[in-house]
Amino acid sequence: MGFKETHLQEIEFKPWNMEEVQFTILMHVSQFAGYIFPLAGYALPIVMWVLFKDKSESIDAHGKNIINWMISGLIYGVIFVVLCFFLIGFPLLWALGICFIVFPIIGAVKANEKIIWKYPGAIGFL
């Protein structure tokens, strides 16, 4: 009488029931949620990162890059608002607004290529 071999199936990691690459793309694109719901563009990427950062190095790295950019962008925004009193802040705020649109798109494209892209100008807080 022989023993039956039981094989444990490897549990595949699927955050929110999607592939990891799709999830990292969504992390970058979720920054646009703030244009529809106030502060959601900040909250959603942070929540996504916090929930799954310990389960995936890729999600952790993308999340850190996104959060570093969001914090840096806020700091730049405050500085540029102050510089508006000297008129130089207006074009700088305009350029920062463009960056808040373009950088998440580039980050999502790079995430699709499985590349961890550091946002230009982001200060490394995390």
Asker: Measure from the side-chain N and O atoms of Thr24 to the backbone N and O of Ile59, and report whether any donor-acceptor pair falls under 3.5 Å.
Answerer: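 Answer holds: no.
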Asker: Provide the closest heavy-atom pair for Met27 versus Gly63 in the form atom of the first, atom of the second, distance.
Answerer: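 The answer is CE-CA, 3.3 Å.
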Asker: Nearest heavy-atom pair of Phe13 and Ser56: which atoms, and what distance?
Answerer: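 Taking every non-hydrogen atom into account, CE2-CB, 3.8 Å.
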Asker: Out of curiosity, does Ile106 fall in the hydrophobic cluster containing Ile101 (side-chain heavy atoms, cut-off under 4.5 Å, transitive links)?
Answerer: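 As far as the 4.5 Å side-chain criterion goes, Ile106 and Ile101 are connected within one cluster.
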Asker: Rounded to the nearest 0.5 Å, what's the gap from CE on Met48 to CZ on Phe23? Could you check?
Answerer: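 That separation rounds to 3.5 Å.
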Asker: Between atom CE of Met70 and atom CD1 of Ile75, what is the distance when rounded to the nearest 0.5 Å?
Answerer: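 Going from the CE atom of Met70 to the CD1 atom of Ile75 covers 12.5 Å.
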Asker: What pairs of residues pass the side-chain hydrogen bond (donor to acceptor under 3.5 Å, both in side chains) test when at least one of them lies in residues 41-55, not counting sequence neighbours?
Answerer: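 For residues 41-55: Trp49-Asp60.
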Asker: Any chance you could measure Leu74, atom CG, to Leu96, atom CG, to the nearest 0.5 Å?
Answerer: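 Nearest 0.5 Å value for the CG-CG distance: 9.0 Å.
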Asker: Same hydrophobic cluster for Ile116 and Val21, using side-chain heavy-atom links shorter than 4.5 Å among ILVMFWY?
Answerer: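 In one cluster: no.
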Asker: Identify the heavy atoms of Gly77 and Leu93 that sit nearest to each other, and give their distance.
Answerer: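 It is O-CD2, 4.0 Å.
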Asker: Running the 4.5 Å side-chain criterion over Ile, Leu, Val, Met, Phe, Trp and Tyr, what cluster does Phe37 land in, apart from itself?
Answerer: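 Phe37 shares its hydrophobic cluster with Ile36.
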Asker: Nearest heavy-atom pair of Ser30 and Leu44: which atoms, and what distance?
Answerer: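 Looks like CB-CD2, 3.6 Å.
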Asker: Could you work out, with ring-ring contact (aromatic ring centres under 6.0 Å, His included) as the rule, every residue matching Phe100, not counting sequence neighbours?
Answerer: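 For Phe100, the residues satisfying ring-ring contact (aromatic ring centres under 6.0 Å, His included) (neighbours in sequence not counted) are Trp69.
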Asker: Does one hydrophobic cluster hold both Leu26 and Ile67, with members joined at side-chain heavy-atom distances below 4.5 Å?
Answerer: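 Yes.
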Asker: Tell me, which pairs form a side-chain hydrogen bond (donor to acceptor under 3.5 Å, both in side chains) where one or both residues lie in residues 114-126, sequence neighbours left out?
Answerer: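 Residue pairs passing side-chain hydrogen bond (donor to acceptor under 3.5 Å, both in side chains), neighbours aside: His28-Tyr119, Gln31-Tyr119.
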Asker: Should Trp94 and Val81 be regarded as members of a common hydrophobic cluster, given that ILVMFWY residues are connected when their side-chain heavy atoms come within less than 4.5 Å of each other, either directly or indirectly?
Answerer: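 Yes, one cluster joins them.
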Asker: CG/Asn17 to CD/Gln22 distance, rounded to the nearest 0.5 angstrom?
Answerer: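 Going from CG on Asn17 over to CD on Gln22, the span is 10.0 Å.
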Asker: Taking side-chain hydrogen bond (donor to acceptor under 3.5 Å, both in side chains) as the definition, give me every residue that meets it alongside Glu19, ordered by chain and number, with sequence neighbours left out.
Answerer: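 side-chain hydrogen bond (donor to acceptor under 3.5 Å, both in side chains) check on Glu19 returns Lys14.
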Asker: Which atoms form the tightest heavy-atom contact between Cys99 and Pro104, and what is the distance?
Answerer: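 Taking Cys99 first and Pro104 second, the nearest heavy atoms are O-CD, 3.7 Å.
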Asker: Is the side chain of Asn68 donor-acceptor paired with the backbone N or O of Leu126 at a distance under 3.5 Å, no angle test?
Answerer: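 Answer holds: yes.
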Asker: Kindly check if the number of other-residue, nucleotide or ligand heavy atoms within 6.0 Å of CG (Leu39) is above 12?
Answerer: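 No - once you tally the heavy atoms of other residues, nucleotides and ligands closer than 6.0 Å, there are 12 at most.
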Asker: Mind checking whether Tyr35 and Val29 sit in one hydrophobic cluster, side chains of I, L, V, M, F, W, Y counted as touching below 4.5 Å?
Answerer: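 Yes, it is one cluster - the side chains of Tyr35 and Val29 are joined through contacts under 4.5 Å.
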Asker: Which heavy atom of Ile25 sits nearest a heavy atom of Ala108, and at what distance?
Answerer: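 Minimum heavy-atom separation between Ile25 and Ala108: CG1-O, 3.6 Å.
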Asker: In the hydrophobic clustering that connects Ile, Leu, Val, Met, Phe, Trp and Tyr at side-chain heavy-atom distances below 4.5 Å, which members other than Phe90 occupy its cluster, ordered by chain and number?
Answerer: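 ILVMFWY cluster around Phe90 also holds Leu87.
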Asker: If you draw a 6.0 Å radius around CD in Glu57, do more than 12 non-hydrogen atoms from other residues or ligands fall strictly inside?
Answerer: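 Counting other residues, nucleotides and ligands, CD of Glu57 stays at 12 neighbours or fewer.
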Asker: Find the distance between CG (Leu92) and CG (Leu83) and round it off to the nearest 0.5 Å.
Answerer: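 So the CG of Leu92 and the CG of Leu83 are separated by 6.5 Å.
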Asker: For Tyr76 and Gly121, indicate whether the former's side chain and the latter's backbone hold a donor-acceptor pair under 3.5 Å.
Answerer: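 Judged by distance alone, yes, a pair lies under 3.5 Å.
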